[in-house]
Amino acid sequence: MDRGYLDFERLFVIHEAKAFSVTRAKSNTKFKRRYSHLVDRINTTVLCDQTGVLTTYLSSKDYLTTLRRVVVKDNNGKRLVFLTNNFVLKPELIADLYRKRWQVELFFKWIKQHLRIKVFFGTSENAVKTQIWIAIST
């Protein structure tokens, strides 16, 4: 999820559904580290991998369990902070999943611009594919 849509209540619903999410943290997100995982700072772009909780009143009320914070350095040297509820995947993969999200956004932007689809009438895979094929055909 894009950090512009950062909503901890919605992220907790995703967590309760046994799914995982990866989002970029805002600069003012307050996070209290409980545990730091070992990272290879020499051979990877990962700066830290931590487990902790949100500390502000509203966010801690909306997201009731621990989160994982992964901090990586991008190609330009900028620090990127990701929050996820997945504690199994490698931290490099967490960052890659967020980067791949951009490809999905570009795909839907292309659909909106070239196929003139303003809204999808169904949410199933079959419904979306059918609507795209109809728009391509017309």
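The shown structure was predicted, so the numbers you read here are calculated from the model rather than taken from an experiment.
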Please determine whether residues [X] and [Y] belong to a single hydrophobic cluster, defined as Ile, Leu, Val, Met, Phe, Trp and Tyr linked transitively by side-chain heavy-atom distances below 4.5 Å.
X: L47; Y: V70; value: no
X: F121; Y: W133; value: no
X: L58; Y: L64; value: no
X: L83; Y: V53; value: no
X: F107; Y: I117; value: yes

Nearest 0.5 angstrom please: [X] [atom1] to [Y] [atom2], how far?
X: I134; Y: L115; atom1: CD1; atom2: CG; answer: 12.0 Å
X: D40; Y: E92; atom1: CG; atom2: CD; answer: 8.0 Å
X: T23; Y: L67; atom1: OG1; atom2: CG; answer: 10.0 Å
X: Y98; Y: R24; atom1: OH; atom2: CZ; answer: 5.5 Å
X: L54; Y: S60; atom1: CG; atom2: OG; answer: 7.0 Å
X: Q113; Y: L106; atom1: CD; atom2: CG; answer: 9.5 Å

What do the steps show when you test V81 against V72 for side chain to side chain contact (heavy atoms under 4.5 Å, CB included), and what is the final call? CA-CA 7 Å; V81 181; V72 298; over 6 Å; no

Minimum-distance pair of heavy atoms, taken over all atoms of D74 and L80: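 In terms of heavy atoms, the two residues are closest at CB-CD1, 3.9 Å.
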
Taking all heavy atoms of G122 and all of A127, pick out the closest pair and write down the distance.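 So the two residues come closest at CA-CB, 3.8 Å.
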
Would R79 and K73 satisfy side chain to side chain contact (heavy atoms under 4.5 Å, CB included), going step by step from the backbone distance to the final call? CA-CA 5 Å; R79 290 184 56 182; K73 189 183 293 187; 5.5 Å; no

Is the [atom1] atom of [X] crowded by more than 12 outside heavy atoms at less than 6.0 Å?
X: E16; atom1: CD; result: yes
X: W110; atom1: CH2; result: yes
X: N75; atom1: CG; result: no

Counting only N and O atoms by type, is there a donor-acceptor contact under 3.5 Å from the side chain of [X] to the main-chain atoms of [Y]?
X: R68; Y: T84; answer: no
X: Q50; Y: V71; answer: no
X: N85; Y: A19; answer: yes
X: N76; Y: K78; answer: no

Tell me, do [X] and [Y] make a side-chain contact under 4.5 Å, heavy atoms counted?
X: T123; Y: V128; value: no
X: D62; Y: S59; value: no
X: T66; Y: F87; value: yes
X: L89; Y: F20; value: yes

Assess whether side chain to side chain contact (heavy atoms under 4.5 Å, CB included) is satisfied between I132 and I111, documenting all intermediate values. CA-CA 8 Å; I132 289 173; I111 286 175; 3.7 Å; yes

Check the angle between the aromatic planes of F8 and Y63 and answer parallel, tilted or perpendicular using the 30° and 60° thresholds.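 If you compare the ring of F8 with that of Y63, the planes turn out perpendicular.
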
Could you walk me through whether F12 and T65 satisfy the side chain to side chain contact (heavy atoms under 4.5 Å, CB included) test, starting with their C-alpha distance in whole Å, then the side-chain angles of each, then the deciding distance to 0.1 Å, before giving a yes or no? CA-CA 8 Å; F12 191 70; T65 189; 3.9 Å; yes

Using a 3.5 Å cut-off and no angle test, enumerate the donor-acceptor pairs between side-chain atoms of residues 29-38 and protein atoms at least two apart in sequence or in another chain.
| from | atom 1 | to | atom 2 | distance (Å) |
| --- | --- | --- | --- | --- |
| T29 | OG1 | K26 | N | 3.2 |
| T29 | OG1 | K26 | O | 3.1 |
| H37 | NE2 | T51 | OG1 | 2.7 |

Salt bridge check, E125 against K129: does any charged N sit closer than 4.0 Å to a carboxylate O?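 Salt bridge: yes.
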
